There are 2 protein chains.
Amino acid sequence: MQTFTEENYLKTIYKLSEGSAPVSTNQLAAILNTKAASVTDMLKKLSEKKLIDYTRYYGVTLTEVGKKIAVDVVRRHRLWEYFLVEKLNFKWDEVHDMAEELEHISSTELVDRLDQFMDYPAYDPHGDPIPDKHGRIKHHEFKPISQLDVDESGVISGVREHSPPFLQYLEKLNLMLGNQIRVIEILAYDQSVVLTVNQSENKISISKEAAKNILVTS
Amino acid sequence: MQTFTEENYLKTIYKLSEGSAPVSTNQLAAILNTKAASVTDMLKKLSEKKLIDYTRYYGVTLTEVGKKIAVDVVRRHRLWEYFLVEKLNFKWDEVHDMAEELEHISSTELVDRLDQFMDYPAYDPHGDPIPDKHGRIKHHEFKPISQLDVDESGVISGVREHSPPFLQYLEKLNLMLGNQIRVIEILAYDQSVVLTVNQSENKISISKEAAKNILVTS
DNA sequence: ATAAATTATTAGACTAATCTAAATATTTAT
DNA sequence: ATAAATATTTAGATTAGTCTAATAATTTAT
């Protein structure tokens with residue numbers, strides 16, 4: 001059994017390592033809103049519990065056991081986000097903080113029933129895949145709008161940034177999951193992208209940064 | 001904002017004081033599974049925060065602010081219990097521990113949406129009233145079976161004891177909420193009660209203790 | 001290849017919540 | 001009304017997680 005805090009460290013290491021790259025102390029401190037010294041302390045503890053492989057001055061990766069826990073926290077987080085949006089009608093930019101708390105409710109049975117209640121959703125409200133009860137994750141072929149060429153189109157299927165202001169911005173431009181976009185022009189001097197949504201006449205322009213953070217399937 | 005632990009103390013004081021009677025250190029220690037010394041420490045802290053009125057060697061009562069928080073924790077607990085039983089199909093003896101965790105999720109908006117989602121239930125799965133968002137509580141005229149006379153009948157509407165074994169026992173005897181019982185006989189030597197459920201032929205016998213813990217309306 | 005800059009770790013201290021053991025109040029029984 | 005029993009509080013220590021300041025390792029730049 002892990003504490004709330006331990007679960008957050010494991011989840012963050014999982015997300016930062018994207019597979020298996022070692023994660024640095026400072027990276028963790030930045031995301032967990034804490035100090036490097038605190039991170040070092042916690043890494044020692046998690047290492048003793050054999051949830052991570054930790055080499056001083058080098059970095060940290062998850063062990064198999066640690067990864068299992070991390071994936072489970074991610075599963076819980078995404079299922080609760082889905083619940084909040086689909087059942088309680090919250091908007092996609094409102095659910096993150098609540099899910100951060102709900103993800104630490106410990107009962108496995110509860111999460112599995114919730115999963116069943118919602119008919120086993122595969123993606124959360126931001127398009128991120130929801131691991132199943134065995135930790136299996138569906139992987140879609142996502143790519144950012146910034147990698148499309150002029151005249152290419154795609155269906156918005158995920159986002160790489162989850163901050164409420166960014167999500168509200170997308171909502172305002174109708175750049176929501178499921179909508180189809182087509183790239184009309186890529187401006188040479190700043191790589192900003194001009195595109196249309198759902199075949200509309202209306203052309204909208206988004207920055208290169210934004211284009212990197214919106215994921216499409218073709 | 002209170003910690004998890006502070007909320008548990010306030011909730012327990014609220015339940016033990018049944019209105020406004022002062023609660024003792026040892027009573028709290030027993031229910032909170034902790035030691036009297038720890039309780040004293042926490043009472044000092046809650047007193048400084050003006051959530052309780054605490055007099056050394058005498059006892060503790062809630063302030064108005066403390067009571068508001070306590071009622072809100074109770075509201076959250078009972079709404080989540082209702083959710084677990086009505087939406088996720090848990091049984092009434094399975095939900096307590098999960099609700100103990102869920103009740104500490106802080107968002108007020110979340111609880112209010114949950115309330116709306118379930119269409120504002122008035123009672124939880126054990127017949128306890130669910131306070132509304134303003135802290136108002138519906139009070140029913142409950143009395144224990146032990147106070148009925150021979151030939152009197154009533155509808156089971158609540159329980160005074162929430163332990164899984166007791167709830168499972170009631171389920172086995174079909175003594176579930178909503179069922180009608182009639183007292184056939186009260187044995188003189190131990191006050192055990194013989195009764196029928198839903199007009200059945202079948203007579204069942206329960207101890208005086210059990211009869212005290214089952215609440216009926218007439 | 002060495003100095004400077006960056007990154008990470010250790011040392012020592014703090015807070016919240018808890019504990020045991022000792023001391024003190026209160027209540028009960030004679 | 002006093003002794004014994006019970007209930008409560010204080011004193012001092014412990015654990016988890018965090019912090020700042022000082023130190024050490026590593027990387028980068030010259």
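Chain naming here is simple, since letters A, B, ... match the order of the sequence lines and numbering starts at 1 in each. Scope of the values below: all heavy atoms of this structure, side chains included, with no hydrogens, waters or symmetry mates. This structure is a prediction, so every number in the text was calculated from the model and none was measured.
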Practice problem: May I have the distance from A:L28 (atom CG) to C:dT9 (atom C1'), rounded to whole angstrom? | Solution: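 Roughly 15 Å, once rounded to whole Å.
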Practice problem: Grab the CD-P distance between A:E48 and D:dT15 for me, whole Å please. | Solution: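 So the two atoms are 13 Å apart, to the nearest Å.
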Exercise. Kindly write out the residues that satisfy ring-ring contact (aromatic ring centres under 6.0 Å, His included) with A:F4, not counting sequence neighbours, or none if the list is empty.
Key: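 Counting only residues at least two positions away or on another chain, A:F4 forms a ring-ring contact (aromatic ring centres under 6.0 Å, His included) with A:H104.
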Practice problem: Only counting residues at least two apart or in another chain, list the ones meeting ring-ring contact (aromatic ring centres under 6.0 Å, His included) with A:H162. | Solution: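 Per chain and number, A:H162 pairs via ring-ring contact (aromatic ring centres under 6.0 Å, His included) with A:H126.
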Quiz item: Looking at residues 34-44 of chain A, who's got a heavy atom less than 4.0 Å off DNA chain D?
Solution: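 When residues 34-44 of chain A is checked for heavy atoms under 4.0 Å from DNA chain D, the hits, listed by number, are A:T34, A:K35, A:A37, A:S38, A:D41, A:M42.
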Under 4.0 Å from OP1 or OP2 of [N]: is there any side-chain N or O of [X] that close?
{"X": "B:N26", "N": "D:dT6", "value": "no"}
{"X": "B:Y9", "N": "C:dA16", "value": "no"}
{"X": "A:S24", "N": "C:dT7", "value": "no"}
{"X": "B:R56", "N": "D:dT10", "value": "yes"}

Exercise. May I have all residue pairs that pass salt bridge (Lys or Arg N to Asp or Glu O under 4.0 Å) and include part of residues 47-56 of chain A, sequence neighbours excluded?
Key: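 Salt bridge (Lys or Arg N to Asp or Glu O under 4.0 Å) check on residues 47-56 of chain A returns A:E6-A:K49.
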Side chains of residues 135-149 of chain A: which donor-acceptor partners sit under 3.5 Å, not counting sequence neighbours?
from   : atom 1 : to     : atom 2 : distance (Å)
A:R136 : NE     : A:D132 : OD2    : 3.3
A:H140 : NE2    : A:Y123 : OH     : 3.2

Self-check item: Out of C:dT9, D:dT8, C:dT7, whichever nucleotide has its closest atom nearest the side chain of A:Y54
Solution: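 Output: C:dT9.
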Quiz prompt | Side-chain donor/acceptor of B:Y57 to base of C:dT24, under 3.5 Å | solution =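 Present.
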Residues 84-93 of chain B side chain polar contacts: donor-acceptor under 3.5 Å, at least two apart:
from  : atom 1 : to     : atom 2 : distance (Å)
B:W92 : NE1    : B:L167 : O      : 3.4
B:D93 : OD2    : B:Q168 : NE2    : 2.7

Quiz item: Between A:T217 and A:S157, does any side-chain donor sit less than 3.5 Å from a side-chain acceptor?
Solution: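 The criterion, which ignores hydrogens and geometry beyond distance, is satisfied for A:S157 and A:T217.
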